[in-house]
Amino acid sequence: MEVLATLAAEAASCVACPLHRSRTCSVFASGPSSASIVLIGEAPGANEDATGRPFCGASGRLLDAALIAAGLHRDEVYVCNAVKCRPPANRPPTGPELAACRDFLLRQLAALHPAVVVTLGASALRALGVEFASLSSLRGTPLALPAPFAPLRCLPTVHPAYVLRRRRTEMEGFLADLTAAAALRP
Ligand code: SF4
């Protein structure tokens, strides 16, 4: 889709926040523009920064396996991050960095019109303007996104890196959340 290609080119040369200084390349997205499910992570890590592809390291492999177990496939979902450039030492993006990159997310989602947006972790949910005290109280249940992302709906879950560190206790809940998201497809 032309609008997404234009946005990716804009992100590649964007200097709107300090993260442009530490990137090798911006990491815009992967997946088809016809996807009915969009997954949003936090930020690129080292592997993503080197390759330009989101979720291609250990967290990505866990995500791929979890998608298959939930009846989905990586090739049918659109995957991106709340910020397009890697924060130094993989720290979480700051509020101003999330705000600076929000317009890319807004225009991506406006072009995609997905049936559901799955946020992977707290930063992605905050980037969409959702205020919350505890992610665990929201995960797995669809919610209506506030303006300017309305009328899209979102299904929050945890980040695959979190599941990777606690696979024995967290994998089951992560699969349940992705299965709930898959059921929201048209
Ligand atoms: Fe621009 Fe987003 Fe990269 Fe910041 S993180 S430089 S706003 S593309």
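All values derive from a computational prediction rather than experimental measurement. First listed ligand is number 1; within each ligand, the first listed atom is number 1. Sequential numbering from 1 along the given sequence is applied to the chain's residues.
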Identify whether the distance between the nearest side-chain nitrogen and carboxylate oxygen of K84 and E10 falls below 4.0 Å.
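E10 and K84: not salt-bridged.
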
In plain terms, say whether R91 and E97 are close enough for a salt bridge, that is, a side-chain N and a carboxylate O under 4.0 Å apart.
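Salt bridge between R91 and E97, a charged N being under 4.0 Å from a carboxylate O: yes.
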
Flag the pair H159 / F55 as yes when their ring centroid distance falls below 6.0 Å, and as no otherwise.
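Ring centroids of H159 and F55 are less than 6.0 Å from each other.
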
Work out how many protein N, O or S atoms lie closer to atom 1 (Fe) of ligand 1 than 2.8 Å.
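That number is 1, waters not included.
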
Heavy-atom pair with the smallest gap, counting every atom of C25 and E48
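Looking at all heavy atoms of both residues, the shortest contact is SG-O, 4.5 Å.
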
Heavy-atom side-chain contact between S30 and R74 under 4.5 Å:
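S30 vs R74: side chains touch.
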
Partners meeting side chain to side chain donor-acceptor pair (under 3.5 Å) with S134 (sequence neighbours left out)
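S134: side chain to side chain donor-acceptor pair (under 3.5 Å) contacts with S136.
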
